[in-house]
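First the structure, in the form of structure tokens, and then the observations on it.
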Amino acid sequence: MTNVLAIGGYSDSDHAALEREFSPIFVGNSEDVAKLPDDQRQQITALGFMGHHPFGGPEMDLLPNLGVIANYGVGYDAIDVAAANARGIKVTNTPDVLNDDVADLAVALLIAQGREMLAASDWVTSGNWGEKGSFRLARKISGGRAGIVGLGRIGRVIAKRLAAFDMEIHYTSRSEKETPGWTYHADPVSLAKTVDYLIVALVGGPETENFVSKEVIAALGPTGILVNISRGSTVDEGALLDALESGAIAGAGLDVFLNEPKIDPRFLKLDNVVLQPHQGSATLETRQAMGQLQRDNISAFLAGNALLTPVN
Ligand code: 8YV
């Protein structure tokens with residue numbers, strides 16, 4: 001009998017690779033663990049976790065011999081690491097392999113919103129271009145001032161890309177970092193006041209909840225664009241919706257939301273947003289690398305070797 005459990009909606013190739021390497025028990029999400037028979041739960045020592053359903057102490061207690069939770073993703077806010085620590089369970093994630101893709105999407109969201117690419121595409125497909133002539137003028141993106149909220153692995157890669165667009169780079173972070181001359185703001189309101197575009201690249205979890213507050217959003221102002229590729233929880237979503245509806249900010253490019261995939265229907269009525277279905281890391285190449293790293297962490301644990309990317 002297998003000692004590996006895989007939670008999540010894996011792609012066919014990840015599912016096949018997990019099957020090949022571990023013949024795990026597959027379940028859709030955290031809530032399904034309780035439905036497994038007692039003897040199956042008892043033997044599980046390693047868990048491959050994918051998704052955003054909370055996995056906390058009560059779920060861990062259903063797997064009394066669990067030794068590792070290998071998360072598929074860099075962000076592991078769904079996993080209660082304190083509860084894992086209390087039970088001696090190691091947690092791993094998949095850092096770095098997705099930095100490029102997530103940064104690419106952040107830049108794409110900024111340009112797509114600033115250059116009004118969705119409305120301009122509609123202008124072509126509706127026949128308006130032929131019938132009515134040119135689309136309205138959009139705004140210049142290169143050369144603006146960008147503010148990165150959270151200068152971690154992904155924030156840094158986004159900043160480098162935007163620097164190549166001749167942007168002045170500003171950032172806020174827990175502490176000032178070594179940078180090629182980017183400007184640090186201890187206060188996110190000061191950051192938002194200074195910049196044209198705010199790009200949120202924070203880690204998720206209770207410490208960053210609503211970090212981009214109503215005040216930060218207001219400080220961005222009526223020409224500001226907000227991009228979020230981190231977690232819906234990092235931005236005060238109600239305040240963001242109010243600001244987008246009233247024109248208190250110009251627009252937003254968003255890959256992440258509260259209550260995904262059942263997002264607030266107010267988003268669907270806006271014409272100043274570009275919305276993506278949480279797919280920052282969703283390319284074949286990157287998902288293959290994430291799956292490999294997750295499986296390598298599980299294999300290392302099962303072989304008694306050092307974990308590749310532990311978080312606790
Ligand atoms: C998800 C992500 O892990 O890495 C992260 O933190 O948010 C994504 O890559 C992926 O969607 C699987 O749930």
Side-chain angles (χ1 to χ4, degrees), residues 5-15 17-18 24 26-33 47-56 59 69-81 84 91-109 148-158 199-209 211-212 227-235 237 253-263 275-298 308-312:
L5 174 65
I7 296 181
Y10 292 92
S11 67
D12 289 348
S13 58
D14 279 324
H15 193 283
L18 283 163
F26 287 97
V27 298
N29 67 51
S30 311
E31 286 158 11
D32 299 327
V33 178
L47 167 63
F49 184 85
M50 178 187 197
H52 305 281
H53 263 91
F55 192 85
E59 289 76 21
I69 303 170
N71 186 49
Y72 185 107
V74 65
Y76 49 88
D77 46 309
I79 300 166
D80 185 339
V81 177
V91 179
T92 65
N93 67 344
T94 61
D96 293 321
V97 292
L98 42 63
N99 294 354
D100 281 338
D101 276 358
V102 179
D104 288 353
L105 194 75
V107 175
L109 285 168
I148 314 291
V149 182
L151 201 72
R153 296 182 178 92
I154 294 173
R156 200 170 269 279
V157 178
I158 295 170
I199 297 96
V200 188
L202 290 165
V203 295
E207 287 108 74
T208 56
E209 202 172 324
F211 184 86
V212 179
V227 170
N228 189 6
I229 49 73
S230 64
R231 288 290 182 265
S233 59
T234 61
V235 175
E237 199 169 83
L254 305 170
D255 186 42
V256 288
F257 306 84
L258 293 179
N259 307 317
E260 296 171 10
K262 299 202 163 93
I263 67 170
L275 309 177
Q276 294 285 293
H278 195 152
Q279 59 164 347
S281 67
T283 66
L284 284 170
E285 295 85 347
T286 291
R287 287 294 170 86
Q288 199 198 341
M290 290 165 69
Q292 188 66 57
L293 187 48
Q294 180 193 44
R295 294 191 298 278
D296 287 348
N297 274 305
I298 295 173
L308 283 82
T309 47
V311 303
N312 64 344

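The structure displayed is predicted, hence computed values, not measured ones. For ligands, and for the atoms within them, numbers begin at 1 and follow the listed sequence.
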- Counting only heavy atoms not in Q288, do more than 12 sit closer than 6.0 Å to its CD atom? no
- Item | Where S30 and H53 come nearest, the two heavy atoms and their spacing | OG-O, 3.4 Å
- Message: Taking atom CZ as the centre, does F49 end up with more than 12 heavy-atom neighbours from other residues, nucleotides or ligands that are less than 6.0 angstrom away?
- Response: yes
Using a 3.5 Å cut-off and no angle test, enumerate the donor-acceptor pairs between side-chain atoms of residues 95-102 and protein atoms at least two apart in sequence or in another chain.
residue, atom, partner, partner atom, Å
D96, OD1, N99, ND2, 3.2
D96, OD1, R153, NE, 3.2
D100, OD1, R161, NH2, 3.2
D101, OD2, T283, OG1, 2.4
D101, OD2, T286, OG1, 2.6

Which pairs of nitrogen or oxygen atoms, taken one from ligand 1 and one from the protein, are under 3.5 angstrom apart?
residue, atom, partner, partner atom, Å
ligand 1, 3 (O), Y72, O, 3.0
ligand 1, 4 (O), V74, N, 2.8
ligand 1, 6 (O), G75, N, 2.8
ligand 1, 6 (O), R231, NH2, 2.9
ligand 1, 7 (O), R231, NH1, 2.8
ligand 1, 7 (O), R231, NH2, 3.3
ligand 1, 7 (O), H278, NE2, 2.8
ligand 1, 9 (O), S281, OG, 2.7
ligand 1, 11 (O), R287, NH2, 3.2
ligand 1, 13 (O), H52, NE2, 3.2

- Message: For a 4.5 angstrom cut-off between non-hydrogen side-chain atoms, does V33 reach E59?
- Response: no
- Query: Which atoms form the tightest heavy-atom contact between N312 and V91, and what is the distance?
  - Reply: OD1-N, 2.8 Å
